[in-house]
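Below: the structure, in structure tokens.
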Amino acid sequence: IATLQPTAWLAGKRVLVSAGGTRERLDPVRYLTNDSSGKMGTALANVAAAAGAAVTLVTTASQPVLPNVKVQAVATAAELAAAMQTEYAAADIVIMAAAVADFRPAQSADHKLKKATPTAGMTLELVANPDILAGLGQTKTHQYLAGFAAETDDLIQNATAKLAKKGADLIVANEVGHGRGFNAPDNAAVLLRPHRAPVTLAMQPKVELAAAILRAIAQDLEGR
Ligand code: CTP
Ligand code: CA
């Protein structure tokens, strides 16, 4: 981030970004999570801040941020949802880059769970987390709302379905798994917008990909 040159192409814009994989508690020492590192979301926050925006980053990760990024640390999907809802009204550009756990344990114990019988198996009951991006889409007023689609198969088809389902202005589709996407230094993506042809962004460092995504968003906003 030391190499990010201060510019002003997002001056006056208020940017809200979420980053990282949520951690869903099972007991005080165990949780369910995913491979997200928070690098992509943090890169978006840093690039936006360097471009002159007022940036709030709601994150489960501890990646380095520029001093002018306002960081809100969260762990669970519920905490992330609450933070996003609080900050939403005052944001112009909202980017859900967090990898929100789709499910959480139905119960979270306040003591360390014991293995009752060493040889027995265990079944975990999970309940669905709310879809934060879809919720923001439903209550959208002036915001430009962007989300990600992490797919292992049928990238464009699956991600295009999410564009409509979430009420987003942009879905950044990227392939994950087998070393791609999550926690990698580089990433490639396809930008999907309503009534627009897909735009492919080549494999590049996440900071550069973040800049390309934000430039596309800034252009869309200019055309409004
Ligand atoms: N998302 C969210 N809340 C959830 C799940 C996902 O806000 N409970 C957001 C993510 O931050 C991302 C987008 O929705 O911006 C797509 O996430 P993804 O996991 O790819 O899609 P899902 O809708 O969860 O569908 P599935 O996992 O079944 O592919
Ligand atoms: Ca999901």
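Remember, it's 1-based here, ligands and their atoms both numbered in the order they're listed.
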What residue among Leu66, Leu44, Val69 forms side-chain contact (heavy atoms from CB on, under 4.5 Å) with Leu57?
Val69
Check each of Val172, Asp102, Leu80, Thr22 against atom 24 (O) of ligand 1 and report the one with the nearest heavy atom.
Asp102
Check if Ala77 has a non-hydrogen atom at a distance under 4.0 Å from any atom of ligand 1.
no
Can you name the atoms of ligand 1, numbered from 1 with element, that are less than 4.0 Å from a heavy atom of Ala98?
10 (C), 11 (O)
Examine the side chains of Thr22 and Glu24 and answer whether a donor and an acceptor come within less than 3.5 Å of each other.
yes
Phe148 N/O under 3.5 Å from ligand 1 N/O
yes
Do you see a protein non-hydrogen atom under 4.0 Å from atom 19 (O) of ligand 1?
no
List every atom of ligand 1 that sits less than 4.0 Å from any heavy atom of Ala149, numbering the atoms from 1 in the order shown and giving each element.
20 (O)
Any side-chain donor-acceptor pair under 3.5 Å between Gln157 and Glu151?
no
Could you tell me, atom by atom, which parts of ligand 1 come under 4.0 Å of a heavy atom of Gly147?
15 (O)
Side-chain donor-acceptor contact under 3.5 Å, Asn183 with Asp35:
no
Do the side-chain N and O atoms of Gln143 and Thr141 include a donor-acceptor pair separated by under 3.5 angstrom?
yes
Mark up the atoms of ligand 1 that fall under 4.0 Å of a heavy atom belonging to Pro130, in ascending order.
3 (N), 4 (C), 8 (N)
Taking it one step at a time, do Asp131 and Lys166 satisfy salt bridge (Lys or Arg N to Asp or Glu O under 4.0 Å)?
CA-CA 9 Å; Asp131 190 321; Lys166 312 264 186 181; 2.6 Å; yes
Under 4.5 Å between side-chain heavy atoms, hopping through other hydrophobics if needed: is there a path connecting Leu126 to Ile132?
no
Thinking salt bridges, do Asp220 and Arg193 make one under a 4.0 Å N-O criterion?
yes
Closest candidate by heavy atom, reference atom 3 (N) of ligand 1, pool Val176, Ile171, Ile132
Ile132
When you measure from atom 29 (O) of ligand 1 to every protein heavy atom, which one gives the shortest distance, and what is it?
Lys162 NZ, 2.9 Å
Can you list the atoms of ligand 1 that are under 4.0 Å from a heavy atom of Ala150?
20 (O)
For Leu133, take its heavy atoms, then give the atoms of ligand 1 lying under 4.0 Å from any of them.
2 (C), 7 (O), 9 (C), 13 (C), 14 (O), 15 (O)
Answer yes when Asp169 and Arg196 have at least one side-chain N-carboxylate O distance shorter than 4.0 Å, and no when they do not.
no
Nearest to atom 23 (O) of ligand 1, what protein heavy atom do you find, and at what distance?
Lys166 NZ, 2.6 Å
Heavy-atom contact check, 4.0 Å cutoff: does Ala159 meet ligand 1?
no
